[in-house]
Amino acid sequence: MHVLILGGTTEARRLAEQLHGTVRITTSLAGRVAAPRLPAGDVRIGGFGGAEGLAQWLREHDVDALIDATHPFAGTISFNAASAAAEAHVPLLALRRPGWVAAEGDDWYPAASLEEAAALLPALGRRVFLTTGRMGLAAFAHLDNLWFLMRSVDAPEPPYPPRMEVLLDRGPFTLDGERELLRRHRIDVVVTKDSGGAATAPKLTAAREAGLPVVVVQRPPVPDGVPVAASPDEAAAWLRRLTGHFSG
């Protein structure tokens with residue numbers, strides 16, 4: 001059995017580790033991170049050329065199951081995966097970590113896009129902890145009266161805000177570390193995407209403790225009719241039901 005995992009997330013790596021040695025695994029990475037953490041099994045890096053290219057790859061490599069374990073904000077690939085799976089007649093599962101849920105004491109401001117998040121900022125603070133990644137910084141580039149601390153794995157490219165300090169770091173992050181970061185940089189507002197998961201969630205707790213507003217960019221739409229697993233264990237169980245030929 002050959003399983004293609006559209007990866008780049010912690011969940012994708014954990015699933016590949018869980019399945020390694022029981023089925024043939026290929027994980028596809030988009031190539032946006034310079035030095036990605038490589039999962040177990042075979043790895044390919046780069047795009048497929050849209051839905052038709054992905055469908056062709058599925059057929060040419062005799063893929064028996066496709067698992068979309070991409071980042072919750074990598075919306076285009078999810079629609080391409082749904083189209084390709086239907087065209088190639090390959091079963092598809094979406095492995096999507098649950099989104100964050102506001103707790104008592106949180107001061108969250110939902111935004112439908114990065115542009116909407118940027119529009120909210122001037123009324124909320126002057127020193128911004130921006131954790132939306134290095135892509136899409138152009139949405140904040142016009143905010144020359146605000147100061148930004150931008151954290152990402154790789155260095156950003158312009159356009160980006162003129163008053164910005166870049167912190168190159170990779171999660172998971174600790175609560176103590178996030179508390180110190182907010183204090184040291186005198187942050188008064190946080191911007192994040194609703195990525196979900198535990199690796200970057202401590203910033204939300206630290207912001208709640210400090211009484212800071214958090215602008216939360218909502219997830220993009222996903223294809224209808226695709227079965228969803230919330231964890232690698234659930235995805236492995238789906239594969240077991242699909243094949244009945246291995247245990248994970």
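Side chains are part of it too, since the values below use all heavy atoms of this structure and drop only hydrogens, waters and symmetry mates.
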Apply side-chain contact (heavy atoms from CB on, under 4.5 Å) to the pair Leu182 and Val190, showing each step before the final yes or no.
CA-CA 9 Å; Leu182 297 180; Val190 177; 4.2 Å; yes
Should Leu58 and Ile77 be counted in the same cluster of Ile, Leu, Val, Met, Phe, Trp and Tyr side chains packed under 4.5 Å apart?
yes
Flag the pair Met164 / Pro156 as yes when at least one side-chain heavy-atom distance between them is below 4.5 Å, and no otherwise.
yes
Residues at least two apart in sequence or cross-chain that pass side chain to side chain donor-acceptor pair (under 3.5 Å) with Glu17, listed by chain then number, are none
Contacts of type side chain to side chain donor-acceptor pair (under 3.5 Å), residue Thr9, not counting sequence neighbours
none
Applying a strict under-4.5 Å side-chain criterion to I, L, V, M, F, W and Y, I'd like to know whether Ile5 and Leu29 cluster together.
no
Holding to side chain to side chain donor-acceptor pair (under 3.5 Å), I want the full list of residues that pass it with Glu234, two or more places apart in sequence or in another chain.
none
If you define the side chain from C-beta out and look only at heavy atoms, does anything of Thr70 sit under 4.5 Å from Ser78?
yes
Check whether any side-chain heavy atom of Arg134 sits under 4.5 Å from a side-chain heavy atom of Tyr160, and report yes or no.
no
Criterion salt bridge (Lys or Arg N to Asp or Glu O under 4.0 Å) against Glu178, the qualifying member of Arg183, Arg151, Arg184
Arg151
Taking the inter-plane angle between the rings of Trp57 and His61 on a 0 to 90° scale, is it parallel (under 30°), tilted (30 to 60°) or perpendicular (over 60°)?
parallel
Are Val189 and Phe148 grouped together when hydrophobic residues (ILVMFWY) are joined by side-chain heavy atoms under 4.5 angstrom apart?
yes
How many angstroms lie between atom CG of Asp62 and atom NE2 of His2, to the nearest 0.5 angstrom?
8.5 Å
Residues Lys193, Leu114; criterion side-chain contact (heavy atoms from CB on, under 4.5 Å); working and verdict
CA-CA 9 Å; Lys193 292 178 177 178; Leu114 292 175; 4.2 Å; yes
Side chains of residues 217-225: which donor-acceptor partners sit under 3.5 Å, not counting sequence neighbours?
{"from": "Gln218", "atom 1": "NE2", "to": "Val216", "atom 2": "O", "distance (Å)": "2.9"}
{"from": "Arg219", "atom 1": "NE", "to": "Asp194", "atom 2": "O", "distance (Å)": "2.8"}
{"from": "Arg219", "atom 1": "NH1", "to": "Arg97", "atom 2": "O", "distance (Å)": "2.9"}
{"from": "Arg219", "atom 1": "NH2", "to": "Arg97", "atom 2": "O", "distance (Å)": "2.9"}
{"from": "Arg219", "atom 1": "NH2", "to": "Pro98", "atom 2": "O", "distance (Å)": "3.4"}
{"from": "Arg219", "atom 1": "NH2", "to": "Ser195", "atom 2": "O", "distance (Å)": "3.1"}

For residues 35-51, the side chain to side chain donor-acceptor pair (under 3.5 Å) pairs (sequence neighbours left out) are Ser28-Arg44
Has Arg127 got a side-chain atom pairing as donor or acceptor with His185's backbone, closer than 3.5 angstrom?
yes
Shared ILVMFWY cluster between Ile25 and Leu242, side chains joined below 4.5 angstrom?
yes
Of the non-hydrogen atoms in Gly125 and Leu146, which two are nearest, and what is the gap between them?
O-CD2, 3.5 Å
Are Thr174 and Pro202 close enough that some pair of their side-chain heavy atoms sits under 4.5 Å apart?
no
Using a strict threshold of under 4.0 Å (side-chain N to carboxylate O), is an ion pair present between Arg14 and Glu11?
no
Ala111 and Ala117 have their tightest heavy-atom pair at CB-N, 3.6 Å
Heavy-atom side-chain contact between Leu181 and Leu149 under 4.5 Å
yes
For Val214 and Ala207 the tightest heavy-atom approach is CG2-CB, 3.6 Å
For the side-chain contact (heavy atoms from CB on, under 4.5 Å) test, which of Leu143, Asp144, Asn145 pairs with Pro162?
Asp144
Keeping to residues at least two apart or across chains, list the side chain to side chain donor-acceptor pair (under 3.5 Å) pairs with something in residues 200-213.
Asp106-Arg208, Thr131-Lys203, Arg179-Glu209, Thr192-Lys203
Rounded distance [0.5 Å steps], CG in Leu6 versus CG in Leu54:
6.0 Å
Report yes if the side chains of Val128 and Phe140 come closer than 4.5 Å at any heavy-atom pair, otherwise no.
no
Can you name the side-chain contact (heavy atoms from CB on, under 4.5 Å) partners of His142, sequence neighbours left out?
Ala118
Do Asp68 and Leu66 touch side chain to side chain, with heavy atoms closer than 4.5 Å?
no
Which atom of Ala236 lies closest to which atom of Leu19, heavy atoms considered:
CB-CD2, 4.2 Å
Do Val90 and Leu4 come within less than 4.5 Å of each other through their side chains, counting heavy atoms only?
no
Got more than 12 heavy atoms from elsewhere within 6.0 Å of CD, Glu60?
yes
First locate atom CD1 of Ile187, then atom CG of Leu130, and finally report the distance between them rounded to the nearest 0.5 Å.
10.0 Å
Are Trp238 and Leu95 grouped together when hydrophobic residues (ILVMFWY) are joined by side-chain heavy atoms under 4.5 angstrom apart?
yes
Where do Val63 and Thr26 land on the side-chain contact (heavy atoms from CB on, under 4.5 Å) test, with the steps shown first?
CA-CA 9 Å; Val63 173; Thr26 300; over 6 Å; no
Tell me the salt bridge (charged side-chain N to carboxylate O under 4.0 Å, His left out) pairs involving residues 107-126, sequence neighbours left out?
none
For the student: nearest non-hydrogen atoms of Ala55 and Ala88, plus distance:
O-CB, 4.0 Å
Test of understanding: with side chain to side chain donor-acceptor pair (under 3.5 Å), list the residues that count as partners of Glu165, not counting sequence neighbours.
none
Only counting residues at least two apart or in another chain, list the ones meeting salt bridge (charged side-chain N to carboxylate O under 4.0 Å, His left out) with Arg241.
none
Verify side-chain contact (heavy atoms from CB on, under 4.5 Å) between Val23 and Leu239, making sure each step is shown before the conclusion.
CA-CA 10 Å; Val23 296; Leu239 281 172; 5.6 Å; no
Under the ring pair (Phe, Tyr, Trp, His ring centres under 6.0 Å) definition, can you give me all pairs with a residue in residues 96-123, not counting sequence neighbours?
none
For residues 80-87, please give each side-chain donor-acceptor pair under 3.5 Å, one per line with the distance, not counting sequence neighbours.
{"from": "Ser83", "atom 1": "OG", "to": "Phe79", "atom 2": "O", "distance (Å)": "3.2"}

